Protein chains: 2
Amino acid sequence: MSLEKNADGGPGRPAPGRVEDVRRGNLVRVLASLAKARSDPDMHPTRADLAARTGLTKASVSSLVAELVDAGLVAESGAARDGERGRPGVALELSNRRGVVGMEINVDYISAGLLDLGGTLRIHRTLESSNRGESPESVMTLLAGLVSDIAAEASAAGIVILGGGLAVPGLVDATSGTVDSAPNLHWRGVALELGRLLPAAPFGTVLHNEANCAALGELWYGHGLDFHDYLFVSGEVGVGGGLVIGSELFAGPRGQAGEVGHMVVEPSGPDCSCGGHGCLETFAGQEAIFSEAGIPPGTASVRLAGLREQLASGDSAAISAVARAGHYLGIAAASTARLMNLSAVVLGGHFTQMGPWITPAVVRSLADYSPGVVSPDRVAVSELGQSAALLGAAGSSLRSVLAAPFSLTPAG
Amino acid sequence: MSLEKNADGGPGRPAPGRVEDVRRGNLVRVLASLAKARSDPDMHPTRADLAARTGLTKASVSSLVAELVDAGLVAESGAARDGERGRPGVALELSNRRGVVGMEINVDYISAGLLDLGGTLRIHRTLESSNRGESPESVMTLLAGLVSDIAAEASAAGIVILGGGLAVPGLVDATSGTVDSAPNLHWRGVALELGRLLPAAPFGTVLHNEANCAALGELWYGHGLDFHDYLFVSGEVGVGGGLVIGSELFAGPRGQAGEVGHMVVEPSGPDCSCGGHGCLETFAGQEAIFSEAGIPPGTASVRLAGLREQLASGDSAAISAVARAGHYLGIAAASTARLMNLSAVVLGGHFTQMGPWITPAVVRSLADYSPGVVSPDRVAVSELGQSAALLGAAGSSLRSVLAAPFSLTPAG
DNA sequence: GCATATAGTTCAGATTGAAAACTAATTGAT
DNA sequence: ATCAATTAGTTTTCAATCTGAACTATATGC
C-alpha cells in the first residue's frame, strides 16, 4: 500500500541495503522466534526447530545462534528430549544473564525493577515518595540510588544490564530525554539526566510517557495476550490512555497520542483545565469522581481508599459518581472504537479499584452508543496494578535489545 | 520500540532474509528516489545523483537501474545538462509508458481514469449512472465497459496497464474483494468480480473504501503536500473519514478505521441509523443538513444545488443548518485531534460545497473545545472535488507497483 | 549390534554490494 | 587546437552471506 519507510536513504537515515543487513535481519528473526517460543511453555526450541520456523537453513541458524551466544543474548540450556528417536537437539533460550531495568517516577512513589531477557521480573522495588513539586534533581537522585541498588544485586547474580526505560506521568520527548510537561509533578520543560541511571548499559535509558507504558505493560504482560486491538484507559489524576492496534502501541505523529481524557463527551459540560469543556476528564478524573462522591480532600491514596469503602458499603453518592464516570468513559470509548475500529477496552489506573462498579456502566454505555462494536466480554480491568507502567518501560527496552542485537555483537 | 514486523517468518509470511532480498529492497529504494524527485520540478535525477541520494555506490545503482529499465518501469530521458563541467549524466524518470487505473463506483456515477507512473492523470472518464439499488453485476458490467475503453486508449498510446484500484462507498474486505456493506448502494456481502476489470494487469485490481481513497487522494495530490497529520472528513450520504498520520493513511486493524460519522458528539442527540444516538452523522450527514435547512426531497445533487443557492442568498435556515453541522464536526475533530495528536482537518465530499459557511463554524468549535491544538489555518477544504477517491485508488495501485518492482523483473 | 532417524557442522556455489580502477564525455584554460 | 580538470558511468576484484548437499554426531528400537 505504501512505500517502505525511509526508502530514500537520505541524510540521517539508516544505511542502505548492504549484504550485511541480511544477517542483521536474520539475527532479529532468530531472537523473535526464541521470544515467541517462550510464551509457548514446555517448548524448547533447538537450532533445527528454529530453522524450520524461520525458513532459514540449519547452516544459517547455527551460525546466527553462535553469534548470539557469543554476544551473551542466547544460552544453551541442556538437551531437548522429546522421546523420538534420533540425535537430541540442544535447547536454546534467551539468556537470563542479561536484563533490562524498568523505572517509574509517579506522584506518590518511585519504583524500579529488573526484567531478564526471558521476560521474568527478577527484582521489583517501590519507594514511597511525595514527588509533587519536588525538584527533578532530587527525585532523580533518589531514583538513581534505587537503581544502583538493583544494579548491584543484578551484578551479584551475574546478570548484565543492557538498557532501561523510565516512565513519567506527563508528555515527554523521548529523543531529547525531556519532560515537556508533567502537571501532577509540577514539572515543565525539564531535561532529565538519564545518563546517571544506568551509566554502563549499552542501550542507555529511554524516557516514556507513563500512560503509554501502562498500555504497553498491559499489552505484553496483561490482557494484550488476548486482545490485539484495544483502548487502554488509565485513570490517574488525569485520564490518560493508550491505543493498541495490531498488538502495537499507536503512538501518534509525535509520540503523544492517547489523550482520551480530553475527548469531548458532553458539549455543554463543565470547563476543563485544558481550556476546553465537556472533556472526559471532567467526569472521570480523580477530582471529578471524588467530589461527586463527596469524598473529603486529602491525598490521592487516602481518598481512593475512602471511595472503595463507600462503594463496598453501598453508598449511593459514590456509586452514582462512579457510574457517571463509567457512562462517559463508555461514550469516549464508543467514539474511539468507531473511529479506529477497535474491539476492546481495558481499564487501568484508579479504575482498577472500581472494577465491579464501573465496568457495567461502561458496558451499558458502549451498547447504547455503538451497539455491536465492543462486546461486553471485551471490556476488562487491568490486573497488573501499579506495575503496568514499569513492565511497559522495561519491556520496551527489552524489545529494543531484541530488535538490534547486532549492536552487541563483535562485528558491531 | 517494537520488533520488526513479521520477524518470525512463520507460514504465510514473506520469505526469510536471503541475499536476494537486499536487491529487492534496493530496487524499491531507487524507485522511491525517482518518485520523490518528481515532486521537485526541474530536477532530473541521473544514476550518479541516485547513488548520492540513496547511499548506494554508482556501480550498484547502474545495475539496479538497468534492471528497472528492462522491466519498463524506468526510462532514460535525454541528457541532464547543468552547465557544470564534466561528462553530462543521463536523466532518468519513472516511465510514462506504464500506468495504473483508478476506478470509482458511487451512488450517482461511475468513473475511471489512467494514471501514469509519473503520477500524471492521462485519462479521466465519468459516467452518470443511478446505482442505488442496482445489482452489483450490472454496475460491474457498466464499469468493465468504461475500463475497457480506457485500456484500449492506453494501448493505442503505448501505455501498459499494471494494476488498478476500485473505490466503493462502503465497508470492504480488500483481501477477498467483498463489499461487506454499502448502505447507499443497498449492497451487502457482495463479492465483486474484480478480475473482470483489468484481466491483463499483473498487479490486478484492489478494492478500497471510498472515504479512505478520498483521504489518500487528498494526501498524495491535495493538501497532503502541506499537512502530514490530519483528519479528512468526507461528507456523502453518510459522513466518512480518513486518518492520515505521518503522511500515511491509518487504516485500523481491519482496514476500516475512520468512521468519524458515528463518533458521539451529543449524548442526548437523536437516534442514528447505526443503532446509537448523537452520532455526528445525525447532524452533519446530507439528510440532517437538508432537512434542517428546509430543502425539499429530491436527488442529492439537486438538493445540494438548492442548498448552495440558499446559502448564497443568505437564507438563515440554510446558514444555521450548515453552522450546526460545522459545530458538531468541530467537536468530533477536537476529540480526534486530542486522541491521536493530529494538527489539521481537511473537509471533503459535500462539505467542499459549503466551504465558506462551514469552515468558520468548525474553526470556532475547535478553538472552543480543544484550544491550541488545531490552528485556524490548518482547517482546509479539499480542492480535488469528485476526483479525490479515484486519484486515491489509482495512487494506491501505483504505490504497490513501486513497492514491489521485482515482481515485474525477469528474475521474478 | 545395527538400521533408522534426527541434530548439527562443513564446504562449495551463487548473489550481491563496496571499493577502486578504469573509460567516457564535457568544460575551460592555455 | 590541445590538454588538464571534472564529472558520469562501467568493469573488476573482493568480502559477506545465504543455500544446498554432503558429512558427522547421537539418539531410539528392533
Side-chain angles (χ1 to χ4, degrees), chain A residues 9 14-30 43-70 74 76-92 405-406 409-412, chain B residues 9 14-30 43-70 74 76-92 405-406 409-412:
Chain A
R18 292 187 303 269
V19 178
E20 292 88 1
D21 295 336
V22 174
R23 190 163 187 87
R24 295 185 163 200
N26 286 337
L27 287 168
V28 172
R29 274 191 174 81
V30 168
M43 176 184 195
H44 288 275
T46 61
R47 289 174 176 79
D49 183 45
L50 287 173
R53 306 206 301 150
T54 58
L56 299 164
T57 60
K58 289 187 295 175
S60 301
V61 170
S62 274
S63 153
L64 291 162
V65 167
E67 188 168 339
L68 291 170
V69 169
D70 278 353
V74 170
E76 302 192 333
S77 55
R81 291 288 341 115
D82 49 2
E84 305 275 312
R85 66 164 78 174
R87 168 176 168 179
V90 177
L92 299 169
F406 38 85
T409 253
Chain B
R18 291 186 304 268
V19 178
E20 292 88 12
D21 295 336
V22 174
R23 190 166 187 87
R24 295 184 164 200
N26 286 336
L27 287 168
V28 173
R29 274 191 174 79
V30 168
M43 175 184 195
H44 287 275
T46 62
R47 289 173 177 80
D49 183 46
L50 288 173
R53 305 206 300 151
T54 59
L56 298 164
T57 60
K58 289 187 296 174
S60 301
V61 170
S62 273
S63 153
L64 292 161
V65 166
E67 189 169 339
L68 292 169
V69 169
D70 278 354
V74 170
E76 302 191 333
S77 55
R81 292 283 348 110
D82 48 3
E84 304 276 311
R85 67 162 77 172
R87 169 177 168 180
V90 177
L92 299 169
F406 39 84
T409 254

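What you see is a predicted model, and the numbers here were worked out from it, not measured in a lab. Sequence lines set the chain letters: A, B, ... in the order given, protein chains first and strands last, and positions in each chain run from 1. As a basis for the values below, the full set of heavy atoms in this structure was taken, side chains included, without hydrogen atoms, waters or symmetry mates.
- Not one side-chain nitrogen or oxygen of A/S63 sits closer than 4.0 Å to the OP1 or OP2 atom of C/dT9.
- Considering only the side chain of B/R87, D/dA8 comes nearest among C/dG8, D/dA8, C/dT16.
- Listed by chain and number, the residues in a side-chain contact (heavy atoms from CB on, under 4.5 Å) with A/V65 are A/V30, A/R47, A/L50, A/V61, A/V69, A/L92 (sequence neighbours excluded).
- Closest to the side chain of A/L64, out of D/dC18, C/dT9, C/dA18, is D/dC18.
- Smallest separation of non-hydrogen atoms from A/R29 and A/T54: O-CG2, 4.3 Å.
- Among the nucleotides C/dT9, C/dA18, D/dA8, the one closest to any side-chain atom of A/R18 is C/dA18.
- The nearest pair of heavy atoms linking B/P405 to B/L68 is CB-CD2, 4.0 Å.
- Note on B/N26: every side-chain N or O is 4.0 Å or more away from OP1 and OP2 of C/dT16.
- For A/A91, the side-chain contact (heavy atoms from CB on, under 4.5 Å) test picks out A/H44, A/S77, A/A80, with sequence neighbours left out.
- Using a 4.0 Å heavy-atom criterion, one finds that B/T46 contacts the sugar-phosphate atoms exclusively.
- Partners of B/S63 under the side chain to side chain donor-acceptor pair (under 3.5 Å) rule, at least two apart in sequence or in another chain, are B/R23.
- The distance from atom OG1 of A/T57 to atom CZ of B/R18, rounded to the nearest 0.5 Å, is 11.0 Å.
- Within the nucleic acid shown, A/V22 comes within 4.0 Å of sugar-phosphate atoms alone, with no base atom in reach, counting heavy atoms only.
- The side-chain contact (heavy atoms from CB on, under 4.5 Å) test applied to B/P88 returns B/R81, not counting sequence neighbours.
- Phosphate proximity of C/dG17 to B/R23: present, with a side-chain N or O under 4.0 Å from OP1 or OP2.
- B/V61 comes within 4.0 angstrom of nothing in the nucleic acid, heavy atoms only.
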Could I get a table of every N or O pair under 3.5 Å where one atom is in the protein and the other is in nucleotides 20-23 of chain D?
none

Please produce a list of atom pairs where a protein N or O lies less than 3.5 Å from an N or O of nucleotides 1-5 of chain D.
none

